[in-house]
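Taking it in order: structure first as structure tokens, then the write-up.
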Amino acid sequence: MMVIRPSRGSGRLRARQVERILSGANARDPVGAFLADLVQDLRDVSGAEVPSSVAARHLQKMRMATEMGVGGPGPLPELEEPELPPVHTLERRRPAVAVGLAAAMVVMVGIAASITGSRTAGTRAGSIVTGEVPPRSAQHRTGAVERFIASGPQTADLPGCGTMRLSALAVSLTSEVAPVLSQWPEVCPSSSGPARPKVAQPNGGAAVDQPLTTVVAGALHGANSGSRSGVEVGGGQGSSGGDTGSGTDGGSGNNPGSGGNSGGGEDPVGGGAGGTTEPGAKAKGNGDGHDKHRGKGGDGPRASDDQKGSGKKAGH
Amino acid sequence: MTIGTAFEEVLVEARTGHDWALEMLYRELAPGVIGYLRTQGASDPEELAADVFSSAVRNLPRFDGDEERFRAWVFSIAHRRLLEDQESRGLRGEHLTDPQHLAGALAAWDRQGPEVHTFKRVGTRWAAEALLCLPPEERAALLLHVVGGLPVPRIASVLGKSVPATTALEARAVGTLARKVEEDGVS
């Protein structure tokens, strides 16, 4: 073994000395020379031949790893992986991040809603599949339906969708409303459905047919409010909800398809990124319409979190 | 020693599992990786190196970069495996100045193959003790430079440090060794 007795007090190493030592360059002072020797020894270690038996074993494992391919066991190494904060820090942050995201989403949804009016990028198309009929206020809708009825059985001028053929409107409605409309020969001449429900007269007279206007208005309103809420709550793309799912029945309350489409909408967070246009589950009205029905959202990515639609009541 | 201009072709062939390419990459890097693990006091450097290369090969399709970056990538895997190894032995982040830890590490060092006894110039025992007594990050920076042959920016990325911080780590490591040389009056 080489014997070196460096002189004392060589002081702090300068950056250049460090460089020289690490590069293995010979240094004049004994300490530097000794360290340069150490560095050279380390280099020898790194340059040592790997024994053939070891290399053969390693190469065999490498071949096996190749056959396993990407995604085999073991973590994926990254060259520049940021250091993770301690676990407790993560846990503290997670709820705050979630709340922040939800709040940001609500704000964005609000902005989008204010820009687009009551119609939010077609996400309400769940109620009217093609989206031609934008949801409006109940009065607006009712008025539209009344004009629609009054205009005759073939076409109607509806707000936001122009003139529509009757059959086109029926097709464009949700599967739940269309059958209701098609049940009455007055609405769909080709259909041969049952007669309209009867309504008892308050003066004790013979029951008369349910007014068609009420039937269709109820159907449209019920479908709009119910399924729209479902879309927004369960899988909407940013609508903030806010609509109470007040599925109005078709007047008499005996039309299971037309009334009682509830579905939430009161949950302001419900309009999260569910990503589906599937309408909420429809709860069928039973005539008296006082039951509360819980709308069910779509099956989007966050639907499990956000599907707490809470329709107030179905029908009245 | 480097593969040089042929590296890209070798990498492509290795990704498709060609033996010759895998072997070339292995021959190029294995001595450094095993040496790094050994001088860091790994419990079983060769076994750990096998894990390193298996992991590298498995993730080869996801690697993108030149030879220097590849070298740093493999050493970053080696460094992580080493940390896991140390953690499993309760040594992670420990300064091995504790006599019990140091004795264990030195014993492991002694059990290793003849390659490690190439500390001919300064004496194996002294070298082992001097290196193992360095603070872990200083030791890693020094060995990644000297044994791994990585430039400072790559060492910085492996250790997750800035370049100036890495330079400072190296300087402190050399300074610590220099003081030890003086104190020991090596003989």
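Bear in mind that the values here come from a model prediction, so they are computed numbers and not experimental data. Below, chain A is the first sequence line, B the second, and so on; all start at residue 1.
- Side-chain contact between B:Glu23 and A:Met62: absent, with no pair of heavy atoms (C-beta onward) separated by less than 4.5 Å.
- Of the two parts of A:Leu38, the backbone and the side chain both hold a non-hydrogen atom closer than 4.5 Å to a non-hydrogen atom of chain B.
- A pairwise comparison of heavy atoms in A:Ala65 and B:Ser54 identifies CB-O, 3.5 Å as the closest pair.
- For chain A, the nearby parts of B:Leu177 are the backbone and the side chain; heavy atoms of each come within less than 4.5 Å.
- Taking NZ of A:Lys61 as the start and OG of B:Ser55 as the end, the distance is 12.5 Å to the nearest 0.5 Å.
- Separation of atoms CZ (B:Arg58) and OG1 (A:Thr66) is listed at 10.0 Å; rounding is to 0.5 Å.
- Using a 4.5 Å heavy-atom threshold, the side chains of A:His58 and B:Ile34 count as touching.
- For B:Tyr26 against A:Leu59, the heavy-atom pair with the smallest separation is CB-CD2, 3.9 Å.
- The most heavy-atom pairs under 4.5 Å with chain A, out of B:Ala49, B:Ala50, B:Gly35, come from B:Ala50.
- Expressed to the nearest 0.5 Å, how far CG of B:Leu22 lies from CD of A:Gln60 amounts to 11.5 Å.
- By the 6.0 Å contact criterion, CG on B:Asp66 is enclosed, its count of non-hydrogen atoms from other residues, nucleotides or ligands being greater than 12.
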